[in-house]
Asks: 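What follows is a structure written as structure tokens; I'll ask about it next.
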Amino acid sequence: MSVGIDRINFYVPRFYLDLRELAQARQQDPDKYTIGIGQDQMAIAPLEQDIIAMAANAAYPLLEEDDKDLIDMVLFATETSFDFSKAAAVYLHDLLGIQPYARAVEFKEACYAGTAALQMACDYVRLRPERKVLVLTSDISRYGLSSSGEVTQGAGAVAFVVSANPSILAISSQSLAYTSNQFDFWRPYYRREALVDGKFSNQLYQDIFVRLMGQFLNIDRETIAELETIHFHLPYSKMGMKALKALRDQNSDSLIQEKVDLWLERYPQTTYLGRRVGNIYTGSLYLSLISSLIYQESFEPSHKLALFSYGSGAVAELLIGELQDGYQKHLDIESMLDQLDQRQALTVAQYEQLYQESIPVTEDEFIVCQQATEPGFYLHRVDGHRRFYIFNKINPNPKTEIRVE
Ligand code: COA
């Protein structure tokens, strides 16, 4: 029996910034952003599209009534948490109407957390093949205005349903993880923006990738020989390519030398979505997987794919997946691409204004958004430090409020 990703979808908020405009405002050469860093746009979340709303919008189209009864766990990975105690997963369990005898938990270890959730989900289903797990990754990445990390921001969520005999990607129980206590990127609780040593983080990411691939080669050469594509956690699209080149430079094994050429050839397709969305932290690796599922023309059933998950701090893991027959039929490619195309471009001034907005931290009621213009879930208000969400029914109009407590 195989276990893995049965359904997958992503959600991005309705605004974006063209990075050429940002380059102009920051007096940088646009080629630095679009070629040097490899990003074209970054998604920007208004206050009402917080991590809960984005995750709910990513998951909502995936779930049929039966799934809600079969899901035993809701696992939410994020590094944009707004509560130290109550898990974001609990809101999702409610908003999506999951059966009550379920677990709902939040996962944290920077951008790696989604992979920890996926692994837990797969292990759970291996023991109980008739049950399912919903995994959510949702983040808004923030660096300082005019900082070097500013161009590598983004916002969005990826949701997936894990089941036995999955329709999209079977995940092998064989994987290799690595942990090392480092300060490359971290966010103490009193800060809204992360602290990052970008150059060190880049170096660490590459070193750990090279180390994991070397170790995996020692353990299971055959699997490395079969790998058709490698997907990376992508804070920006150049990062995975640098890691592949570092592997080629530092590992002289003839198999690695031969395979890196193939992996580099298939690399651009893994980045198409990320180039338009930016860094979504926990979901970035899985957005890269979706990008490949949409754009790799050479993919065939039973192809073996690798996923390199990296979370600053640092924890990393190399996962192996096997593509399933007919996987395209289980992806709503049109809707996924439509939402990207229908986004509204912001000016740099509008982006800076949104960047400065925040929800007041008082007892008083604060209406975040009286009525959203978009279909889907949104944060309506915060009252007594409690967040309340509304669902804008997709069809028919006028919008129908189905959930306000
Ligand atoms: N045309 C083309 N390329 C250009 C260019 C131009 N006009 N100007 C610069 N570049 C290239 C540089 O050569 C460099 O390429 P390289 O990385 O292959 O050497 C790249 O653009 C970036 O330039 P650099 O000067 O290093 O940029 P920076 O000091 O502004 O920092 C990051 C870039 C990515 C390090 C910074 O944005 C960052 O720290 N981001 C956060 C990373 C992160 O999220 N880490 C933690 C999670 S893993």
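Residues: numbered from 1 along the sequence shown. Each ligand, and each atom within it, is numbered from 1 in the order the structure gives. As a basis for the values below, the full set of heavy atoms in this structure was taken, side chains included, without hydrogen atoms, waters or symmetry mates. Keep in mind it's a predicted model, so treat the numbers as computed, not measured.
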Asks: Identify whether the distance between the nearest side-chain nitrogen and carboxylate oxygen of Arg266 and Glu228 falls below 4.0 Å.
Replies: yes
Asks: I need the contact type for Asp184 against ligand 1. Using non-hydrogen atoms and a strict under-4.0 Å cut-off, is it side chain, backbone, both or neither?
Replies: neither
Asks: Please identify which atoms of ligand 1 are closer than 4.0 Å to at least one heavy atom of Gly198.
Replies: 39 (O)
Asks: Is any side-chain heavy atom of Arg276 less than 4.5 Å from a side-chain heavy atom of Asp341?
Replies: yes
Asks: For Glu150, state whether at least one heavy atom is located under 4.0 Å from any atom of ligand 1.
Replies: no
Asks: To check your reading of the model: name the closest protein heavy atom to atom 48 (S) of ligand 1, its residue, and the distance in Å.
Replies: Pro235 CG, 3.4 Å
Asks: Could you tell me whether Arg387 and Asp83 make a salt bridge, using a distance below 4.0 angstrom between a side-chain N and a carboxylate O?
Replies: no
Asks: Less than 4.0 Å between a side-chain N and a carboxylate O, is that true for Lys132 and Asp67?
Replies: yes
Asks: Examine the proximity of ligand 1 to Asp31 and report which part, side chain or backbone, both or neither, has a heavy atom under 4.0 Å away.
Replies: both
Asks: Could you tell me whether ligand 1 has any atom less than 4.0 Å away from a heavy atom of Lys242?
Replies: yes
Asks: For atom 35 (C) of ligand 1, is there a protein heavy atom at a distance under 4.0 Å?
Replies: yes
Asks: Name each donor-acceptor pair under 3.5 Å that joins a side chain in residues 10-17 to protein atoms two or more places apart or in another chain, with its distance.
Replies:
unit_1	atom_1	unit_2	atom_2	d
Tyr11	OH	Gln49	NE2	2.6
Arg14	NH1	Glu48	OE2	2.8
Arg14	NH2	Glu48	OE2	3.2

Asks: Starting from atom 33 (C) of ligand 1, what is the nearest protein heavy atom, named by residue and atom, and what distance separates them?
Replies: Ile37 CD1, 4.0 Å
Asks: Protein heavy atoms near atom 5 (C) of ligand 1, is at least one of them under 4.0 angstrom away?
Replies: yes
Asks: Could you tell me if any non-hydrogen atom of Tyr281 lies under 4.0 Å from any atom of ligand 1?
Replies: no
Asks: State which residues pass ring-ring contact (aromatic ring centres under 6.0 Å, His included) with Tyr124; sequence neighbours excluded, sorted by chain then number.
Replies: none
Asks: Starting from atom 7 (N) of ligand 1, find the nearest protein heavy-atom neighbour and note its residue, name and distance.
Replies: Asp29 OD2, 2.9 Å
Asks: To the nearest 0.1 Å, how far is atom 47 (C) of ligand 1 from its closest protein heavy atom, and which atom is that?
Replies: Ser312 OG, 3.6 Å
Asks: Suppose we measure from atom 11 (C) of ligand 1 to each protein heavy atom; which comes out shortest, and what is that distance?
Replies: Gly36 CA, 3.5 Å
Asks: Consider every N or O of Tyr310 and every N or O of ligand 1, then say whether any pair is closer than 3.5 Å.
Replies: no
Asks: Assess the pair Tyr378 and Tyr389: is the distance between their ring centroids shorter than 6.0 Å?
Replies: no
Asks: Is any NZ, NE, NH1 or NH2 atom of the basic residue among Glu365 and Arg381 found under 4.0 Å from an Asp or Glu carboxylate oxygen of the other?
Replies: yes
Asks: Is the closest basic N to carboxylate O distance between Lys393 and Glu374 below 4.0 Å?
Replies: no
Asks: Specify the protein heavy atom at minimum distance from atom 28 (P) of ligand 1: its residue, its atom name, and the distance to 0.1 Å.
Replies: Lys32 NZ, 3.7 Å
Asks: With a cut-off of 4.0 Å, which atoms of ligand 1 are near a heavy atom of Phe185?
Replies: 46 (C)
Asks: Any nitrogen or oxygen of Ser148, main chain or side chain, under 3.5 Å from a nitrogen or oxygen of ligand 1?
Replies: yes
Asks: Look only at interatomic distance and state if Tyr143 has a nitrogen or oxygen under 3.5 Å from any nitrogen or oxygen of ligand 1.
Replies: yes
Asks: Please could you name the atoms of ligand 1 that Asn202 approaches to less than 4.0 Å, counting only its heavy atoms?
Replies: 35 (C)
Asks: What about the rings of Phe232 and Phe209, do their centers lie closer together than 6.0 Å?
Replies: yes
Asks: Looking at Phe160, I'd like to know if the NZ or CZ of Arg7 sits under 6.0 Å from its six-membered ring centre while staying within 45 degrees of the ring's axis.
Replies: no
Asks: Considering only protein heavy atoms, which is closest to atom 24 (P) of ligand 1, and at what distance to one decimal place?
Replies: Lys199 NZ, 3.5 Å
Asks: Are Phe185 and Tyr205 an aromatic pair by the rule of ring centers under 6.0 Å?
Replies: no
Asks: Do side-chain atoms of Ser141 reach the backbone of Asn279 as a donor and acceptor pair under 3.5 angstrom?
Replies: yes
Asks: Can you report which non-hydrogen protein atom sits closest to atom 41 (C) of ligand 1, along with the distance?
Replies: Thr152 OG1, 3.4 Å
Asks: Look only at interatomic distance and state if Tyr236 has a nitrogen or oxygen under 3.5 Å from any nitrogen or oxygen of ligand 1.
Replies: no
